Amino acid sequence: MPEKETGMNQFAVLLNRGVWLPPVMLSAVLILASYYNYLLFHTLAELFSIIVGVLMFVVAAYAQKYARDNFIMYLATGYFWVASMDLIHTLIYKGMGIYPVTIANYSTQFWIANRYVEALLLLTAPLFFTRWTHHVSKFVVFGLIAVACYVLIMSGRFPDAYIEGVGLTRFKIISEYVICTILVLALVNMYRFRDRLKQGLFPFLMASIVFTILAEISFTNYIGVYSTANLIGHIFKLFSFWMILYSIVRVSLQDPYQSLGTSRALLKGLRDGIPDLIFYKDMQGVYLGCNQAFCELIGRESESDIIGKTDVDLFNKQQAQFFRDVDQQILQAGAARRNDEWVSYPDGSRRLLDTLKTPFMDSKGGVIGVIGISRDITDNWLAEGKLRKLSQALEQAGEAVMITDRDGGIEYINPAFTRVTGYRADEILGKSLRMLKSDRQNAAFYKGMWRMLARGDQWQGKLVNRKKDGSFYPALLTISPMFDEQGAISNYIGIQQDLSEYEQLEAQFHQSQKMEAVGTLVGGIAHDFNNTLAGITGNLYLAKKAADSLPDVVDRLNSIEELAFRAAGMIQQLLTFSRKGTVQMHPISMPSFLKEVIKLQEVSVPENISLTCQVGDVDLIVNGDINLLQQALINLINNARDAVESVGTPAITVKLDQCSVDEEFLERYPAITSRDVACITISDNGEGMSPEIQKHMFEPFFTTKGVGKGTGLGLAMVYGAIQSHGGAIAVESEEGVGTIVRIYLPLLQSGAAEGVVDDTTGVLGGRGETILLVDDEATVLATGKDVLESLGYNVLTATDGLKAVEQYIARRDEIDLLMLDVVMPHMGGQEALRKIREITPDVRALFVTGYDKNDALVEDGDASPEMVIKKPFSINKLSQAMRALLDN
Ligand code: ADP
Ligand code: MG
């Protein structure tokens, strides 16, 4: 920026050689011409000032657009017309012979009128520093003045200035002084307004006015065209005109160009100095320019390698298309846009750019392209990326995370926190931690916690917190202090895990562990007791036979037998519960099975209780032990019957549905492996169960019923039976409302189904067949032998599997049937049978078992040459099984 010229310093610019050289040279030409021909000199002098006047106008008119005021244009328009009138003055000059008028007065009149106009122009010019008038109107007004002068002079109405033979008139001479006075006033006026003049203009205008005054003084001494005063006057006039032209050129062209150059240099400095990428393209996406940073990043030498190219030439196709789309959006919207974008460069690297694109406008405000400024933020993103990842981890963590300030003011919570507690960020941020406190912990608990934290230690513990809805939840909470640079505690971060689900799982796990333990205990006792019972019942049978003639004794023995079988029934339930019983799986058609069970059960349910059975038409087939399932169902119906005993309108419903279970269900009941299950629902509107009762209901011997009424074995048996079937049981109960028991059993796709057992046939005797009885228990062996013999069989015995095989090899021709215990020392029943089958493949066998370690001694059905009978068995059942095998 040029330094502001003030006061007299401004005149220093007048010392510039370039200011004086042209007028001095022109003056030299004029002086030379005057020696040669005075008319030529005069013509040239006027021509020079005319040219200078027109130039003023042309320059001012072109620069007008960038002018900040009206002053220059006013001056230039005025001088244009002054120059025009000077042209007429010259043409009309006596002796020129161009204009068809020969009176010298005209020329002098034009001259003097012109000088008036010029002086007034200089006097009034400062009025137009800021006053904007239309250029055309200015031009027309000055033109009209010129025309008026012309008309006045040519019509003879203008005062005479020169009279042939007399010389200059008084008007002319006085006018010169008047004009000089006006010019002096103009000088003063200009000086007054000097501060408002454009820089550099003032000294030239002052000089110009001074020259004009000097010219006028010279012209007052005008005697004739050939006088020296005229020559000097014209030279001064030329200088005065030149000063104005020079000032106009300086202000309108030189200064703007200079400042343009400065701002260009500034722009270039900015553009190439900053590390950001700068580029600009036209409407068609053709690069118009870019800075050095842009060139470097895309691997080009200089701006000239980029100008004229498009994005397609510089980037890959996909990238170029992306840029093109963004540019198009900016051009359409006419608004700037900022975005982060990953850009692939020709060298294969990828950089993240933060780019601001804005419409590129010309000086008139029309959009001519797009300007882009990009900052490479890849490196920030590698630091930022880590932060982003960490914050993302917090946001997505399954644990509820909360950050508080030193005083427990909540500063941050993650979405998991909202999930667990129900509090949204906007409800809790800025609030105190206290709002989560529940009264489940006492003040000492919190005190201890804060004491630890204040020491800078981590605190971990289980506690009960309060949710937004007021409910409580158990949580495992870890609070760690966060420290600032000085090592002082600045924040606390709390990470808590909602333990509700975990505790539920834990309870489930404990429950199943407990059941398992009880099962093992019960199973062991039941097994031994079972063997004892087998001995008792066998002996009873024999005793009864022996006491045939003593009816009293037979009666007593009968009631002992009845008690023994009742005990056996209990043992059976216990064995089922502990899953130590034997199951015989067959496909069962659930609808008909249920209908039959209900029909049998209707007898034992009082008439006032409505027992409904809702079984659809769809044949749902389940692989199951029909005895076990029947027993389980009877137990459940009996429980329901007991529960509804004292309600107003007692009702029990048994329902059968087919359902598809979901993932969550499978997770909850891992025993179930199939998605399609049969669901048997037994619901009642009875007294229901308290949560406490529900906790224990499956335990054997747990009963709430009076002595002699309940055994506490029903649900235990049901539990075991369903487990043996790979099914699940769910109980839903509310005190005073009722109970719903749901049993889920995996569905079989097809298969022939078995019906309900009908156990009505009596004892069937033997026909002298030989039985090999194998058992490791001496009492069982002895009693069994007696019983079988009493039925009419021959009996051979063996005390384990090995001995049985030996026996069989020795006497295989005699033996018709093997009767084997399953679990025995040295060799078990199944193993022994396999060995014997190697000799006689179709030998018939009957397993007698109280205890099956493998849970499933599964039979193929009646067609097989072997059967299983459970201890203790009724002699009825045993005799029937034996006959079934032998007669087959
Ligand atoms: P028991 O029937 O011999 O008492 P269970 O094992 O069948 O033994 O049942 C255990 C306890 O569970 C019952 O004493 C009773 O308190 C409760 N219970 C079982 N089923 C129901 C039911 N449908 N409604 C209410 N309570 C029930
Ligand atoms: Mg019961």
Side-chain angles (χ1 to χ4, degrees), residues 511-512 514-519 521-523 525-526 566-581 594 597-598 600-606 608-614 627-656 679-724 727-744:
Q511 173 74 2
S512 66
K514 182 179 76 184
M515 298 309 265
E516 205 61 46
V518 175
L521 176 75
V522 166
I525 298 169
R566 200 187 292 171
M570 282 172 65
I571 292 297
Q572 205 49 55
Q573 303 220 31
L574 285 174
L575 284 172
T576 305
F577 162 69
S578 59
R579 286 191 280 148
K580 296 285 158 57
L594 280 179
V597 172
I598 303 275
L600 286 175
Q601 217 36 32
E602 263 165 359
V603 192
S604 66
V605 174
N608 67 321
I609 299 173
S610 101
L611 176 62
T612 340
C613 180
Q614 298 174 0
N627 291 313
L628 279 190
L629 289 183
Q630 186 175 348
Q631 197 56 47
L633 218 65
I634 288 168
N635 280 337
L636 290 172
I637 293 171
N638 285 346
N639 278 350
R641 182 200 60 203
D642 293 347
V644 298
E645 206 173 27
S646 52
V647 299
T649 46
I652 302 171
T653 312
V654 179
K655 226 170 93 195
L656 175 70
C679 175
I680 307 161
T681 311
I682 300 99
S683 48
D684 65 65
N685 59 352
E687 60 194 6
M689 285 178 268
S690 67
E692 191 55 30
I693 292 179
Q694 288 182 49
K695 243 190 233 171
H696 299 287
M697 63 191 171
F698 289 122
E699 291 167 21
F701 305 111
F702 174 82
T703 177
T704 57
K705 295 167 192 171
V707 184
K709 277 194 99 181
T711 58
L713 289 176
L715 285 182
M717 178 270 159
V718 173
Y719 181 86
I722 300 307
Q723 296 258 307
S724 298
I729 179 165
V731 178
E732 206 180 297
S733 184
E734 199 178 325
E735 274 180 292
V737 176
T739 303
I740 303 169
V741 180
R742 291 192 180 87
I743 288 171
Y744 303 98

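Remember, it's a predicted structure, so these values are computed and weren't measured experimentally. Whatever order the structure lists ligands and atoms in, that order sets their numbers, starting from 1.
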Participant: Measuring only between side-chain heavy atoms, which start at C-beta, is Ile637 closer than 4.5 Å to Ile598?
Facilitator: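 Yes, side chains in contact.
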Participant: Under the criterion ring pair (Phe, Tyr, Trp, His ring centres under 6.0 Å), which of Phe702, Phe701, Tyr719 is the partner of His696?
Facilitator: Phe702
Participant: Mind checking whether Asp684 contacts ligand 1 via backbone (N, CA, C, O), side chain (CB onward), both or neither, at a 4.0 Å heavy-atom cut-off?
Facilitator: side chain
Participant: Taking C-beta and beyond as the side chain, do Leu713 and Leu574 meet within less than 4.5 Å on heavy atoms?
Facilitator: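 They are in side-chain contact.
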Participant: Indicate yes or no: does an N/O atom of Asp642 lie under 3.5 Å from an N/O atom of ligand 1?
Facilitator: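 There is no such contact.
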Participant: Within a radius below 2.8 Å of the Mg ion (ligand 2), how many protein N, O or S atoms are present?
Facilitator: 1
Participant: Any nitrogen or oxygen of Lys705, side chain or backbone, less than 3.5 Å from one on ligand 1?
Facilitator: yes
Participant: Enter the distance from Met697:CE to Ile729:CD1 here, rounded to the nearest 0.5 Å.
Facilitator: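 Nearest 0.5 Å value for the CE-CD1 distance: 7.0 Å.
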Participant: Would you call Gly712 a ligand 1 contact, heavy-atom distance under 4.0 Å?
Facilitator: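 Yes, that is the case, since the closest heavy atom of the residue is under 4.0 Å from the ligand.
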Participant: Answer yes or no: is there a donor N or O on one side and an acceptor on the other, between the side chain of Asp684 and the main chain of Val644, under 3.5 Å?
Facilitator: no
Participant: What is the closest protein heavy atom to atom 4 (O) of ligand 1, and at what distance does it sit?
Facilitator: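 Of every protein heavy atom, Thr703 OG1, 2.6 Å lies nearest to atom 4 (O) of ligand 1.
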Participant: For ligand 1, which atoms have a heavy atom of Thr704 less than 4.0 angstrom away?
Facilitator: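 Counting from 1, the qualifying ligand atoms are 13 (C), 14 (O), 15 (C), 16 (O).
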Participant: Hey, does Thr711 have a side-chain heavy atom less than 4.5 Å from the side chain of Thr703?
Facilitator: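 No, too far: nothing below the 4.5 Å cut-off.
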Participant: Does any non-hydrogen side-chain atom of Met717 lie less than 4.5 Å from one of Leu628?
Facilitator: yes
Participant: Regarding ligand 1, does Gly710 bring an N or O atom to under 3.5 Å of one of the ligand's N or O atoms?
Facilitator: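 Gly710 vs ligand 1: no N/O contact under 3.5 Å.
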Participant: If we ignore hydrogens and angles and just use 3.5 Å, is the side chain of Gln694 paired with the main-chain N or O of Met689 as donor and acceptor?
Facilitator: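 Present.
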Participant: Measure the shortest side-chain to side-chain distance between Leu636 and Ile743 over non-hydrogen atoms and say whether it is less than 4.5 angstrom.
Facilitator: yes
Participant: Just need the protein heavy atom nearest to atom 17 (C) of ligand 1, so name the residue and atom and give the distance.
Facilitator: Met689 SD, 3.7 Å
Participant: Counting neighbours of NZ on Lys705 that are heavy atoms of other residues, nucleotides or ligands and sit closer than 6.0 Å, is the number greater than 12?
Facilitator: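 For Lys705, atom NZ is crowded (more than 12 foreign heavy atoms under 6.0 Å).
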Participant: Does ligand 1 have an atom under 4.0 Å from some heavy atom of Thr711?
Facilitator: yes
Participant: Testing the 3.5 Å rule here: is there a donor-acceptor pair between the side chains of Gln573 and Thr576?
Facilitator: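 Note: Gln573 and Thr576 side chains miss the donor-acceptor criterion.
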Participant: Not counting sequence neighbours, which residues clear side chain to side chain donor-acceptor pair (under 3.5 Å) with Ser733? List them please.
Facilitator: Thr739
Participant: I need the nearest protein heavy-atom contact for atom 6 (O) of ligand 1: residue, atom name and distance, please.
Facilitator: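 Answer, as residue, atom name and distance: Leu715 N, 2.8 Å.
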Participant: Return a yes/no value for Ala643: is any of its N or O atoms, backbone included, closer than 3.5 angstrom to an N or O of ligand 1?
Facilitator: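 So ligand 1 has no N or O lying under 3.5 Å from an N or O of Ala643.
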Participant: Just let me know how Thr739 lines up against ligand 1, side chain, backbone, both or neither, with a heavy-atom cut-off below 4.0 Å.
Facilitator: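 Looking at Thr739 and ligand 1, just side chain atoms fall under 4.0 Å.
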